[in-house]
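Presented below is the structure to which this report refers.
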Amino acid sequence: MEKVHILDHPLLQHKLSILRDETTGVKDFRQVVSEIATLMCYEATRDLPMEEVEIKTPICSGKFKTIAGKKLAIVPVLRAGLGMVDGILTLIPSAKVGHIGLYRDPNTLEPVEYYCKMPSDIAEREVIVLDPMLATGGSASAAIQFIKNYGVKHVKLMNILAAPEGIARVHKDHPDVDIYCAAVDEGLNEHGYIVPGLGDAGDRIFGTK
Ligand code: PRP
Ligand code: URA
């Protein structure tokens, strides 16, 4: 499971516990989702290739590191993935943003696509898919496949909370994709919700329900 990166930094764990708490209201939930995305972005971009460029400081010239070549795009899975966008753009303001609209049919738990809009040069970019929840993995797997169909070669998946079932599904369908998450919970209940989880991420971010 070297493709699964569980980010157990104390700040992330503390903030995740705030999300889990059913008394956390919409404003704080939204704020903390964004903060978690920023912290996770720091780790998920750890392997970006570097190059040395010539820079003149006020004292002298020298060769110094900058991020090389590969450009990034982030693709939130609507709706809940939208809550992670600002947190990522805080660190990577020049990232382009694609959108995939998927909802999970409550009866079949299968993902249904209703929207897709990608940057025109998406094929040349490294893509990070954003979705707070990886439950059965159906939505993430479908989202990754849509993105690969555009010719994208490097895809990462960033979830706040994952179930073992979702990790196994993505790992099986897309063994090349690295998954970053703050915790892996026990499993799913009969409605496909992560246990103990944090409830319905989209509803808690947007205040629906
Ligand atoms: C949630 C979540 C994921 C999906 C995870 O979205 O944000 O996209 O469920 O479940 P899965 O791993 O079993 O596919 P939902 O379908 O509730 O839509 P929403 O974001 O619009 O609320
Ligand atoms: N989607 C959510 O928002 N929460 C879950 O626990 C599972 C899927």
Side-chain angles (χ1 to χ4, degrees), residues 1 3-4 6 15-26 28-34 36-37 40 44 74-88 97-118 127-148 155-175 177-209:
M1 296 284 255
K3 286 286 191 184
V4 181
I6 301 167
K15 289 176 190 294
L16 175 56
S17 294
I18 294 171
L19 297 187
R20 290 187 190 278
D21 186 337
E22 66 173 3
T23 68
T24 299
V26 174
D28 289 338
F29 193 92
R30 201 179 279 153
Q31 170 74 30
V32 172
V33 165
S34 182
I36 288 177
M40 294 188 76
I74 56 176
V75 178
V77 178
L78 310 183
R79 292 175 299 166
L82 287 174
M84 300 171 76
V85 170
D86 283 355
I88 305 286
V97 184
H99 294 85
I100 293 180
L102 290 175
Y103 71 87
R104 199 172 65 155
D105 183 290
N107 298 315
T108 65
L109 300 184
E110 287 299 315
V112 181
E113 184 201 352
Y114 60 89
Y115 187 76
C116 189
K117 180 81 178 171
M118 293 294 146
V127 173
I128 306 178
V129 177
L130 309 175
D131 194 328
M133 309 303 276
L134 180 63
T136 65
S139 304
S141 184
I144 293 165
Q145 191 56 55
F146 286 139
I147 290 163
K148 286 183 171 177
V155 183
K156 291 175 174 172
L157 175 64
M158 188 187 292
N159 308 113
I160 293 177
L161 200 49
E165 293 89 331
I167 290 174
R169 170 77 187 269
V170 171
H171 195 57
K172 176 171 148 289
D173 294 351
H174 304 286
V177 170
D178 280 88
I179 302 172
Y180 296 82
C181 59
V184 180
D185 274 7
E186 286 161 24
L188 303 174
N189 68 13
E190 66 275 24
H191 306 293
Y193 278 88
I194 298 176
V195 180
L198 51 75
D200 189 305
D203 282 343
R204 295 194 67 189
I205 290 169
F206 294 107
T208 43
K209 205 166 234 175

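One-based numbering, in listed order, for ligands and for the atoms of each. The residues of the chain are indexed from 1 along the displayed sequence.
Scanning all protein heavy atoms for the shortest distance to atom 8 (C) of ligand 2 gives Arg104 NH2, 3.6 Å. Of all protein heavy atoms, the one closest to atom 4 (C) of ligand 1 is Ser139 OG, 3.6 Å. Scanning the protein for heavy atoms near atom 21 (O) of ligand 1, the closest one is Arg79 NE, 3.0 Å. From the protein, the heavy atom lying nearest to atom 5 (C) of ligand 2 is Tyr193 CD2, 3.4 Å. From the protein, the heavy atom lying nearest to atom 17 (O) of ligand 1 is Asp200 OD2, 4.1 Å.
When only interatomic distances are considered, the shortest N/O to N/O separation between Ala80 and ligand 1 falls below 3.5 Å. In terms of polar-atom proximity, defined here as any N/O pair under 3.5 Å, Gly137 does make such a contact with ligand 1. Below 3.5 Å of separation, one finds an N or O of Ile194 facing an N or O of ligand 2. Taking only nitrogen or oxygen atoms, main chain and side chain alike, Ala135 reaches within less than 3.5 Å of ligand 1. At least one N or O atom of Arg104 sits closer than 3.5 Å to an N or O atom of ligand 1.
The contact set between ligand 2 and Ala201, taken as ligand atoms under 4.0 Å from a residue heavy atom, comprises 2 (C), 3 (O). Taking a cut-off of under 4.0 Å to the non-hydrogen atoms of Tyr103, the atoms of ligand 1 that pass are 16 (O).
Heavy atoms of Arg204 come nearer than 4.0 angstrom to ligand 2 in no pair at all. The closest approach between any non-hydrogen atom of Leu109 and ligand 1 is not below 4.0 Å. Every heavy atom of Gly192 sits 4.0 Å or more from the atoms of ligand 1.
Arg204 places a side-chain N or O within donor-acceptor distance of the main-chain N or O of Thr24, the cut-off being under 3.5 Å. At least one donor-acceptor pair under 3.5 Å links the side chain of His174 to the backbone N or O of Ser141. In this structure, the side chain of Arg104 engages the main chain of Gly192 through a donor-acceptor pair within 3.5 Å. In this structure, the side chain of Ser34 does not engage the main chain of Met84 through any donor-acceptor pair within 3.5 Å. In this structure a side-chain-to-backbone donor-acceptor pair under 3.5 Å is present from Asn159 to Asp131. A side-chain donor-acceptor contact under 3.5 Å links Arg30 to the backbone of Ile205. With hydrogens and angles disregarded, no donor-acceptor distance shorter than 3.5 Å links the side chain of Asp185 to the backbone of Gly187.
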Verify side chain to side chain contact (heavy atoms under 4.5 Å, CB included) between Ile6 and Cys181, making sure each step is shown before the conclusion. CA-CA 5 Å; Ile6 301 167; Cys181 59; 4.1 Å; yes
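Taking a cutoff of 4.0 Å between a charged side-chain nitrogen and a carboxylate oxygen, Asp178 and Lys3 qualify as a salt bridge.
Scanning Asp131, Val112, Leu188, Ile205 for the heavy atom closest to atom 2 (C) of ligand 1 points to Asp131. Among Ala163, Ser139, Gly192, Gly199, the residue whose heavy atom sits closest to atom 4 (N) of ligand 2 is Gly199.
A cation-pi arrangement is not found for Arg79 relative to Tyr114, the charged atom failing to lie both closer than 6.0 Å to the ring centre and inside a 45° cone about the ring normal.
Atom 6 (O) of ligand 1 lies below 4.0 Å from none of the non-hydrogen atoms of the protein.
Of the residues Asp28, Ile160, Leu82, the one that meets the side chain to side chain contact (heavy atoms under 4.5 Å, CB included) test with Val33 is Ile160.
Residue Ala135 touches ligand 2 through its side chain alone, judged by heavy-atom distances below 4.0 Å.
To the nearest 0.5 Å, atom OH of residue Tyr193 and atom CG of residue Leu109 are 9.5 Å apart.
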